[in-house]
Every structure is written in structure tokens, then in C-alpha cells.
Amino acid sequence: MMHTSPLNDYDLPKIRAQFPILSRKLHNERNGGVDLVYLDNAASAQKPLAVLERIDHLYRHDYANVHRGLHSLSEAATDAYEHARQTLADFLGAPRAQDIIWTRNGSEAINLVASSFGERMHSGDNVIISGAEHHSNIVPWQILSERRGVEIRPIPIDDDGHIELDQLESLCDQKTRLIAITHISNALGMRTDIETATAFAQSRKVPILIDGCQGAVHEDVNLKDMGCDFYIITGHKLYGPSGIGALWAKQEHLESMPPYQSGGEMIRSVSLTGSTFAPPPAKFEAGTPPIAQAIGLGAALDYINAVGRKNIHAHERALTVYAAKKLRELEGIRLIGRDHSHGIVSFCLDDIHPHDVATFLDHQGVAIRAGHHCAEPVMQRFGLPGTVRASLAMYNSQQDIDTLIVALTETRKFFA
């Protein structure tokens with residue numbers, strides 16, 4: 001099968017060969033089946049051989065618990081585990097690896113901030129979020145509101161899907177304790193003007209949290225320059241394993257925030273009458289950590305760097321523009337939002353329910369996402385029950401988009 005890239009010097013066949021699952025056949029495989037076209041990367045990306053082999057090697061040769069052992073296996077596992085933390089710090093342009101806290105995913109990282117940083121908030125304080133947020137950057141603040149009486153102030157989104165950042169001026173006041181917004185919308189692919197948002201937050205001396213679960217995938221991130229206080233990532237969207245995410249936070253916040261969970265590893269000393277806690281990052285990493293998952297994520301980031309982030313991002317953006325163009329040419333398609341350059345295109349097909357579209361496409365080998373994408377306020381803003389979402393990764397091709405277009409044409413005929 002021929003796979004093409006919008007970039008002449010981007011070796012797409014070589015990249016695709018590194019992802020074994022892309023050779024998978026679906027439906028009636030004994031009779032040849034249909035080729036998998038995987039367009040659900042905003043939910044979770046596939047894993048390259050470098051990640052699969054690194055995790056396998058760890059479990060076969062070097063696995064032990066970290067930090068606690070004096071034997072060779074524990075030292076090898078600890079070195080690999082902490083090297084992964086440094087790899088992520090370098091990937092994000094973080095000043096110090098010690099400011100990276102491992103979590104299970106991006107949701108847990110936001111919950112950590114809401115539960116720990118949120119302890120200093122009181123009734124009458126407020127947190128500003130936006131109407132573009134994933135539920136994981138809404139619900140933790142709602143729980144904080146119920147627990148401590150904190151007001152949640154939403155920033156609306158406009159008809160193009162962009163956050164109306166000019167509303168910050170009227171929403172922010174002396175009682176604003178945090179601004180929490182997305183870097184790139186998982187539902188629409190819209191990019192927030194992070195530079196404007198962080199500059200505003202700095203001018204008001206209000207901490208700002210950026211949900212980078214999509215942003216770190218589709219843009220270079222340099223936390224030294226970004227100006228945020230907290231940045232969130234999740235590993236499974238970055239070609240790493242599930243079960244690993246991270247919070248980066250400014251050192252002064254981590255030192256002042258109380259522990260999020262308690263148990264082994266995160267303590268300095270324990271008696272039956274009291275305990276003292278270890279400094280960050282250990283203070284926030286209770287119990288046996290996600291050892292293999294962190295090391296697997298480190299391997300994924302090494303692979304991304306080897307391919308070249310600028311090359312990947314240019315490929316994804318060119319391909320997203322191509323997908324949006326082809327979709328606009330298809331009768332019955334309505335694209336939602338306007339910023340179609342960051343790996344995500346969200347759309348509706350006539351009055352066919354998105355779930356029906358997704359089911360029909362699956363039988364033709366095309367894996368897409370349908371529904372509200374854990375962003376119900378976005379759907380409510382546009383008066384929709386949900387959308388069909390095609391989301392792209394480094395290994396997708398123009399042929400994948402062409403196959404999607406053919407499959408959508410057949411879908412429309414079937415439901416006519």
C-alpha cells in the first residue's frame with residue numbers, strides 16, 4: 001500500500017513500519033479483511049517498536065523496585081526511571097527535572113493541583129476555566145467548589161471555537177486564585193493563545209495552569225519561556241504507554257503545596273506519632289511508582305526526538321489542512337470550529353448521528369472517535385449531541401484521509 005506525506009523529505013513509510021499495529025487487518029481477517037486506518041490519536045496514539053522493546057527489555061532484564069534497593073537491578077531500574085524524568089524535563093524545556101511529578105495520567109495531574117494547591121483556597125475565592133475544556137479540567141474544580149466554596153468562572157468560546165480571552169479582564173479580580181485552560185482543544189483542535197493568557201496571568205500575579213495533553217503532542221513546548229505555573233501532559237497521547245502522565249509545576253508551588261497522597265516513598269521519616277515528608281518530587285509520588293510506564297514514556301520521547309519534532313509537527317499540520325480541505329469538498333459535511341491545523345478535525349455528516357457514522361466507518365477499517373469527546377460544554381455551545389472527530393499522528397498519510405473520504409461517501413449513501 002502506498003502511503004504519502006505532504007512533506008517530500010518526511011520518510012513516512014519508514015515511520016509507519018515502526019508501528020506494528022498499523023499492519024493490522026480488521027473484520028473477516030481470514031478472507032483478507034480491511035486495512036486499519038487509525039484516526040483516533042487524540043484519544044490515544046499507537047506505540048512504536050522503540051517503546052514496546054524498551055518495556056520488554058526492562059521486564060526481562062532490569063526490573064526491580066526503584067529508590068529502595070542497594071542491589072544491581074534496583075540501581076539499574078532507578079537510573080532508567082529517573083533518566084525518563086530528565087528526558088521529559090528536557091522535552092518540555094523545564095528548568096529542573098525535580099519539578100516533574102509522575103502521575104497516572106493528565107487527569108490525575110490536574111486533580112493533584114486541585115486537591116493540593118486548592119487547599120489554600122477558601123469560600124469567596126474563584127477559579128477561571130474556559131468553555132473549551134476537557135472534563136478533566138472542569139470536574140476537579142467543581143469538586144473543589146463543593147468542598148471549599150470556591151466560585152468557578154467560565155470564559156466563553158466564540159463561533160470559531162476559540163476561547164474569548166478578552167473576557168479575562170472582567171472575570172479576574174482580587175479573589176482569583178487560578179486560571180486553568182487548555183493548550184489545544186481535544187474536541188476541536190483549537191489552539192489557545194497561550195502567550196496572551198500567560199502574559200495576562202503574570203500581569204495580575206495569578207497562577208495559571210495549562211492542560212497540555214494535546215498541546216505537548218502537536219507543538220514544541222518550552223516551559224522556561226511559556227510563563228505558566230503548572231503544565232499537564234499524558235503519556236499515552238505521546239506514543240508512550242497508558243498509566244503515565246506528569247505535572248510540571250514551579251518549584252515554589254511544589255515546596256509549599258501539601259502532599260496529595262500518602263504512603264511509602266514520599267516520606268522522610270515516620271514514627272507512630274508523626275511523619276515528615278521528602279522534598280519534591282518524592283513528596284507527591286506515594287507508593288511504588290509507574291516504573292515501566294515512565295521508562296516507556298522516556299523511550300517514546302527519545303523516538304519523537306529522533307524523528308524530529310519540527311518534522312512531525314509540519315507533517316501533522318499539512319495533513320490536517322489537507323483533511324479539512326477534503327472534508328469541505330464533501331457534500332453534507334459541516335466542520336465545527338475554524339482552527340484546523342493541529343491534528344484534529346471535528347465535523348458532522350448531514351443529520352446522521354455521530355455514533356452511527358463511527359460504526360459504519362469501523363466496518364470499512366476506519367477508526368475515528370464520535371460523541372462529545374469528554375467536552376460536553378463545547379457540544380452544548382454549538383447545539384450538538386456530539387461530533388465525528390478525526391485526529392492525526394506522525395504515522396498518518398494522505399491515503400488515510402482519502403480512505404476516510406471514500407468511507408464517508410459510502411456512509412452518506414447508506415443512510416440516504
Side-chain angles (χ1 to χ4, degrees), residues 67 82 85-86 88-89 92-104 106-129 136-137 140-153 172-181 194 197-212 221 223-233 245-271 274-287 289:
H67 298 147
E82 290 302 333
R85 195 191 307 269
Q86 182 65 58
L88 178 58
L92 296 176
R96 307 184 329 144
Q98 302 98 301
D99 301 330
I100 298 284
I101 310 300
W102 293 125
T103 61
R104 290 178 301 165
S107 298
E108 185 177 49
I110 296 173
N111 275 275
L112 191 165
V113 178
S115 296
S116 182
F117 185 79
E119 282 296 308
R120 66 185 66 181
M121 300 184 197
H122 305 284
S123 179
D125 291 341
N126 67 78
V127 171
I128 296 174
I129 62 174
S136 294
N137 203 24
W141 309 114
Q142 292 175 337
I143 292 174
L144 178 67
S145 175
E146 293 170 1
R147 192 173 75 243
R148 302 191 68 85
V150 174
E151 180 188 0
I152 308 301
R153 294 183 175 179
C172 186
D173 61 24
Q174 300 271 336
K175 290 287 190 176
T176 301
R177 298 294 175 250
L178 185 73
I179 299 167
I181 55 174
I194 294 297
T198 55
F200 176 87
Q202 289 174 338
S203 72
R204 294 298 188 93
K205 295 182 170 53
V206 174
I208 183 167
L209 176 148
I210 305 298
D211 174 2
V221 174
L223 293 173
K224 296 185 188 75
D225 299 332
M226 184 175 284
C228 64
D229 295 77
F230 304 95
Y231 196 85
I232 309 298
I233 67 102
L247 162 71
W248 172 85
K250 287 184 175 178
Q251 180 181 354
E252 58 264 33
H253 295 315
L254 293 177
E255 290 176 349
S256 65
M257 288 161 54
Y260 168 53
Q261 297 171 322
S262 58
E265 187 66 22
M266 44 76 69
I267 49 85
R268 175 172 284 155
S269 64
V270 175
S271 72
S275 303
T276 57
F277 302 113
K283 182 169 76 167
F284 298 100
E285 296 179 358

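Given the structure is predicted, the values throughout are model-derived calculations rather than measurements.
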Enquirer: To the nearest 0.5 Å, what is the distance between CD1 (Ile208) and CG (Asp229)?
Expert: 8.0 Å
Enquirer: Could you give me the CA-CA distance, side-chain angles and deciding distance for Arg177 and His122, then say whether side-chain contact (heavy atoms from CB on, under 4.5 Å) is met?
Expert: CA-CA 10 Å; Arg177 298 294 175 250; His122 305 284; over 6 Å; no
Enquirer: Rounded to the nearest 0.5 Å, what separates atom CG in Leu223 from atom CD1 in Ile210?
Expert: 10.0 Å
Enquirer: Less than 4.5 Å apart, any side-chain heavy atom of Trp141 and any of Ile128?
Expert: no
Enquirer: Could you tell me whether a side-chain N or O of Lys175 sits under 3.5 Å from a main-chain N or O of Val150, the two making a donor and an acceptor?
Expert: no
Enquirer: Using every non-hydrogen atom in the two residues, find where Arg268 and Pro279 come nearest and quote the distance to one decimal.
Expert: NH2-CD, 3.4 Å
Enquirer: Quick one: closest heavy-atom pair of Gly212 and Ile233, and the distance?
Expert: O-CG2, 4.3 Å
Enquirer: Let's go through Arg153 and Asp173 carefully: what are the C-alpha distance in whole Å and the side-chain angles of both, what is the deciding distance for side-chain contact (heavy atoms from CB on, under 4.5 Å) to 0.1 Å, and is it a yes or a no?
Expert: CA-CA 11 Å; Arg153 294 183 175 179; Asp173 61 24; 2.9 Å; yes
Enquirer: Can you tell me how far apart CH2 (Trp102) and CG (Leu88) are? Round to the nearest 0.5 Å.
Expert: 5.0 Å
Enquirer: Between Lys283 and Leu254, is the side-chain contact (heavy atoms from CB on, under 4.5 Å) condition met? List the steps.
Expert: CA-CA 9 Å; Lys283 182 169 76 167; Leu254 293 177; 5.9 Å; no
Enquirer: Would you check if Met121 and Leu144 make a side-chain contact, meaning some heavy-atom pair closer than 4.5 Å?
Expert: yes
Enquirer: Tell me the closest heavy-atom pair linking Lys250 and Cys228, and the distance in Å.
Expert: CE-O, 3.3 Å
Enquirer: Let me know which of Ile179, Ile129, Ile232 forms a side chain to side chain contact (heavy atoms under 4.5 Å, CB included) with Leu209.
Expert: Ile232
Enquirer: Please lay out, stage by stage, how Glu119 and Arg147 fare under the test salt bridge (Lys or Arg N to Asp or Glu O under 4.0 Å).
Expert: CA-CA 10 Å; Glu119 282 296 308; Arg147 192 173 75 243; 3.7 Å; yes
Enquirer: Does Arg104 CZ have over 12 foreign heavy atoms under 6.0 Å away?
Expert: no
Enquirer: Which pair of non-hydrogen atoms, one from Ala246 and one from Ala109, has the smallest distance, and what is that distance?
Expert: O-CB, 3.8 Å
Enquirer: Where do Ile152 and Ser145 come nearest, in terms of heavy atoms and distance?
Expert: CG1-CB, 4.0 Å
Enquirer: Is it the case that more than 12 heavy atoms not belonging to Lys205 sit under 6.0 Å from its NZ atom?
Expert: no
Enquirer: State the CG-CD distance between Asp99 and Gln251, to the nearest 0.5 angstrom.
Expert: 5.5 Å
Enquirer: Just distance, no hydrogens or angles: give the donor-acceptor pairs under 3.5 Å from side chains in residues 256-264, sequence neighbours left out.
Expert:
| from | atom 1 | to | atom 2 | distance (Å) |
| --- | --- | --- | --- | --- |
| Ser256 | OG | Arg120 | NH2 | 2.8 |
| Ser256 | OG | Glu252 | O | 3.1 |
| Ser256 | OG | His253 | O | 3.2 |

Enquirer: Nearest 0.5 Å, what's the CD-CD distance between Gln98 and Gln86?
Expert: 8.0 Å
Enquirer: Roughly how far apart are Arg85 CZ and Glu285 CD, rounded to 0.5 Å?
Expert: 4.0 Å
Enquirer: Identify the heavy atoms of Ile110 and Ser136 that sit nearest to each other, and give their distance.
Expert: CG2-O, 3.3 Å
